[in-house]
Undergrad: 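The following block contains the structure, expressed as structure tokens.
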Amino acid sequence: MTHPDGELVLRVMTMPRDTNHTGTVFGGVIMSYIDQAAYVHARSIGLHRWVTVMVERIEFVAPVFVGELVTFRATTVSKGRTSVTLRIRVEAERYSTGQQVRVTDSIVKMVSVDANRIPIPFTSAQTLSGDDGDARL
Ligand SMILES: CC(C)(COP(=O)(O)OP(=O)(O)OC[C@H]1O[C@@H](n2cnc3c(N)ncnc32)[C@H](O)[C@@H]1OP(=O)(O)O)[C@@H](O)C(=O)NCCC(=O)NCCS
């Protein structure tokens, strides 16, 4: 059955290195994972190079603490010609209780580009090949 928050795209455990000066997980760490989660979901729409063009919204609803399992789920909000807009919802599993808590909600827009970084319709046939799996992406 499909989860109401969308496809599970990423699951991570937070570490002491992820914290800010107040001891909770740094928002920038969560944002980085959101970016990765958006990429993972975009890739399931088309096997292309995808770049983030805009983070339309990001809302930190509740803090994340060290040692928690954090789950990123994605849904497609809308599709354009070369872009897709995604919603990434983030939940943390509280360390001692196992309770799932909504912690962050975000809207991200991704664009599929060719090897020259020119936008291409994401409905194009797959544009990645065996030679693309390196730093030239
Ligand atoms: C993404 C990028 C290729 C778009 O280039 P561009 O010349 O604006 O391309 P276009 O005008 O053809 O727009 C392409 C798509 O992006 C959307 N877009 C472009 N700029 C946008 C903006 N500022 N806000 C929202 N959407 C935008 C357009 O609406 C279009 O979507 P559509 O084809 O679905 O209608 C270019 O801005 C870029 O390279 N940005 C840097 C990406 C990057 O490095 N990201 C961070 C790390 S992944």
Side-chain angles (χ1 to χ4, degrees):
M1 199 180 84
T2 314
H3 191 285
D5 283 355
E7 178 201 6
L8 172 62
V9 282
L10 205 61
R11 199 155 201 227
V12 297
M13 189 181 79
T14 52
M15 301 293 280
R17 63 168 184 248
D18 298 328
T19 57
N20 58 33
H21 59 286
T22 69
T24 61
V25 171
F26 182 48
V29 170
I30 303 292
M31 286 196 267
S32 173
Y33 285 130
I34 285 173
D35 205 15
Q36 292 176 46
Y39 171 78
V40 172
H41 187 69
R43 195 179 147 85
S44 73
I45 294 170
L47 282 179
H48 307 297
R49 300 161 183 84
W50 287 91
V51 294
T52 311
V53 68
M54 181 169 61
V55 177
E56 210 172 285
R57 192 172 75 84
I58 185 158
E59 182 185 357
F60 295 102
V61 182
V64 180
F65 303 96
V66 172
E68 294 186 339
L69 282 175
V70 185
T71 302
F72 297 77
R73 292 184 188 275
T75 51
T76 303
V77 174
S78 62
K79 292 179 175 178
R81 193 179 75 90
T82 66
S83 72
V84 293
T85 300
L86 316 172
R87 182 170 186 182
I88 309 293
R89 293 186 179 100
V90 189
E91 274 189 351
E93 183 180 304
R94 293 303 187 214
Y95 182 69
S96 54
T97 64
Q99 184 191 9
Q100 295 288 339
V101 177
R102 170 74 51 80
V103 290
T104 312
D105 199 347
S106 180
I107 304 286
V108 180
K109 189 169 183 179
M110 308 289 291
V111 177
S112 60
V113 296
D114 66 13
N116 298 311
R117 300 188 175 83
I118 306 299
I120 52 164
F122 62 80
T123 50
S124 310
Q126 171 177 344
T127 52
L128 296 179
S129 70
D131 296 332
D132 290 324
D134 61 27
R136 292 170 296 157
L137 282 172

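Numbering of ligands and ligand atoms starts at 1, following listing order. The model shown is predicted, which means the values in this text are computed figures rather than measured ones.
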Undergrad: Mind checking whether S83 contacts ligand 1 via backbone (N, CA, C, O), side chain (CB onward), both or neither, at a 4.0 Å heavy-atom cut-off?
TA: both
Undergrad: Looking at P121 and H48, what are the two nearest heavy atoms and their distance?
TA: O-NE2, 4.3 Å
Undergrad: Run the side chain to side chain donor-acceptor pair (under 3.5 Å) test against Q36 and tell me which residues pass, sequence neighbours left out.
TA: none
Undergrad: Would you verify that at least one protein heavy atom lies under 4.0 Å from atom 38 (C) of ligand 1, or report that none does?
TA: no
Undergrad: Using protein heavy atoms only, decide if any is under 4.0 Å from atom 7 (O) of ligand 1.
TA: no
Undergrad: Taking the six-membered ring for Trp, is the centroid-to-centroid distance between Y33 and F72 below 6.0 Å?
TA: yes
Undergrad: Does the protein put a heavy atom under 4.0 Å from atom 13 (O) of ligand 1?
TA: no
Undergrad: Within the protein, is there a heavy atom lying under 4.0 Å from atom 41 (C) of ligand 1?
TA: no
Undergrad: Is the backbone N or O of V111 less than 3.5 Å from a side-chain atom of T82, with the two atoms forming a donor-acceptor pair by type?
TA: no
Undergrad: Below a 4.0 angstrom heavy-atom separation, can you tell me which part of K79, side chain or backbone, both or neither, approaches ligand 1?
TA: neither
Undergrad: Return a yes/no value for R117: is any of its N or O atoms, backbone included, closer than 3.5 angstrom to an N or O of ligand 1?
TA: no
Undergrad: Mind checking whether W50 has an N or O less than 3.5 Å away from an N or O of ligand 1?
TA: no
Undergrad: Apply the side chain to side chain donor-acceptor pair (under 3.5 Å) test between T71 and each candidate in E91, R89, R11, E93; give the one that qualifies.
TA: R11
